Protein chains: 2
Amino acid sequence: MTGDADDGAEDDAEDDAEDELHTAVGTRLEQAEGRYTRQRRALVDVLVGARQPLTVEEIHALAPGVPQSSLYRNLAVLEETGVVHRFTGHGDFARFELAEELTGHHHHFVCSNCGAMTDVELPGAVESRLEDALAELSRREGFTIAEHRLDIVGLCRSCA
Amino acid sequence: MTGDADDGAEDDAEDDAEDELHTAVGTRLEQAEGRYTRQRRALVDVLVGARQPLTVEEIHALAPGVPQSSLYRNLAVLEETGVVHRFTGHGDFARFELAEELTGHHHHFVCSNCGAMTDVELPGAVESRLEDALAELSRREGFTIAEHRLDIVGLCRSCA
DNA sequence: CTTCCTGCAAAAGTTTTGCATTAAC
DNA sequence: GTTAATGCAAAACTTTTGCAGGAAG
């Protein structure tokens, strides 16, 4: 398992990051008087591994033995706790991803053919110019800005 | 424009624009072998008047006497025809707006408290810089970009 | 031991569809 | 007159909830 240097080092780093994440999630659940159960841990692991927003169906496939009702309930708890973000993607299925506070700010490629979503980051300069413009706009319109979400819609490599 | 800054001139200009819109919609429906019926015309009028994405419930209130099933069916037809755009906003209700091809490119303020959405346009310079960056990103990732959608989430004036 | 979580099944909510009738072309 | 659109009611769909049993702290 510790075989080749590059992958080994990357894996170690990822493991550390994942440990930190679990600690952070655990803390949040405690503050909300909730328990970080095996199922909830499993859900977080699934979302970490995915690196893209997942549907309930996809999560269900990746979290064997967890009934749908528990899935929905735990995802609701994790959402209230600020651990996961829930939104409805293209196709009217709810999708879930880890909150940006835990993973960092990013946007999404959305394939309009197969519906797949993948995470993507904008170049820093573009992102901050955009944020400046949004702040200015919001101020002018009397809107109190909290965050922004950008979907890039088109065809993924496989569907092109 | 004709230079007059009074309301009458504005209304005339708006009426003209709406006529053009109806003609464009009619053409699209013909090409799809569909009919531009009274109900469909009424739906388009409602969406034009709203200047923001509406839920089925809201449309239902603004289009008296149209049964929900007809609403859904006609909105589906108009979506297939490329006249309206359907998406799911915050709160898991479907929302509908006229296609950007008919109204022009814009984004949305989304109030996370009351769920209201309002249309907003970015300054041209920011918009084109963003588009350049997205094009570059998409090229690099092998993604064929068709459009982008930006939601500015926060609190509207009334909820702040 | 007390509180929260789990799992099943049944309910609630929005959206879609079957079928007889009506309107558009 | 032919074909598509309409309206009602019933179905299908994702998502939520009640309740008895089990696990966590």
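All values derive from a computational prediction rather than experimental measurement.
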* Select from Pro67(B) and Glu33(B) the residue whose nearest nucleotide in DNA chain D is closer to the 5' end of that strand. =>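 In this pair, the answer is Glu33(B).
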
* In terms of hydrophobic clustering (I, L, V, M, F, W, Y; side-chain heavy atoms under 4.5 Å; direct or indirect links), are Leu71(A) and Phe93(A) co-clustered? ->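 Different clusters: Leu71(A) never reaches Phe93(A) through Ile, Leu, Val, Met, Phe, Trp or Tyr contacts under 4.5 Å.
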
* To do: Give one of base, sugar-phosphate or nothing for Arg40(B), where a contact means two heavy atoms less than 4.0 Å apart.
  =>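 Sugar-phosphate contact only.
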
Whole-Å gap separating [atom2] ([N]) and [atom1] ([X]):
X: Gln39(B); N: dA24(C); atom1: CD; atom2: C1'; value: 13 Å
X: Arg35(B); N: dA23(C); atom1: CZ; atom2: C1'; value: 8 Å
X: Arg73(B); N: dT21(C); atom1: CZ; atom2: P; value: 16 Å

Electrostatic pair [X]-[Y], nearest N-O below 4.0 angstrom:
X: Arg86(B); Y: Asp92(A); value: yes
X: Glu30(B); Y: Arg35(B); value: no
X: Arg28(A); Y: Glu101(A); value: yes

* **Minimum heavy-atom distance Cys156(A)-Cys111(A), with the two atoms named** =>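 Looking at all heavy atoms of both residues, the shortest contact is N-SG, 3.5 Å.
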
* **Heavy-atom closest contact (Met117(B) atom, Val110(B) atom, distance)** =>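 Taking every non-hydrogen atom into account, CE-CG2, 3.5 Å.
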
* Considering only heavy atoms of chain B and a distance under 4.0 Å, specify the first and last nucleotide of DNA chain D in 5' to 3' order that meet this criterion. =>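 That gives a stretch of dT3(D) to dA9(D).
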
* Asked: End-to-end bend of the helix from dC1(C)-dG25(D) to dA12(C)-dT14(D) (five-pair axes, 10° rounding)?
  ->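 The helix from dC1(C)-dG25(D) to dA12(C)-dT14(D) shows an end-to-end axis angle of 40°.
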
* If you measure only the distance, is there a donor-acceptor pair under 3.5 Å linking the side chains of His106(A) and Gln52(A)? ->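 Not at all, the side chains of His106(A) and Gln52(A) share no donor-acceptor pair under 3.5 Å.
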
* Can you tell me if Asp119(A) and His107(A) form a side-chain donor-acceptor pair at under 3.5 Å? ->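 No donor-acceptor contact under 3.5 Å links the two side chains.
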
* To do: Test the Arg157(B)-Phe143(A) pair against the cation-pi criterion, namely NZ or CZ under 6.0 angstrom from the six-membered ring centroid and within 45° of the ring axis.
  =>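 Not satisfied by the 6.0 Å and 45° rule.
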
Between protein and nucleotides 12-16 of chain C, what N or O pairs are separated by less than 3.5 Å?
unit_1	atom_1	unit_2	atom_2	d
dT15(C)	OP1	Ala94(B)	N	3.1
dT15(C)	OP2	Tyr72(B)	OH	2.2
dT15(C)	O5'	Tyr72(B)	OH	3.1

* Take atom CD of Glu100(B) as the centre, draw a 6.0 Å sphere, and report whether it contains more than 12 heavy atoms from other residues, nucleotides or ligands. =>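 More than 12 within 6.0 Å, yes.
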
* Taking OP1 and OP2 of dA24(C), is either one under 4.0 Å from a side-chain nitrogen or oxygen of Arg38(B)? ->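 Yes, Arg38(B) has a side-chain N/O under 4.0 Å of OP1/OP2 on dA24(C).
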
* To do: Please find out if less than 6.0 Å separates the ring center of His105(B) from that of His148(B).
  =>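 Yes, the ring of His105(B) comes within the 6.0 Å limit of the ring of His148(B), centre to centre.
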
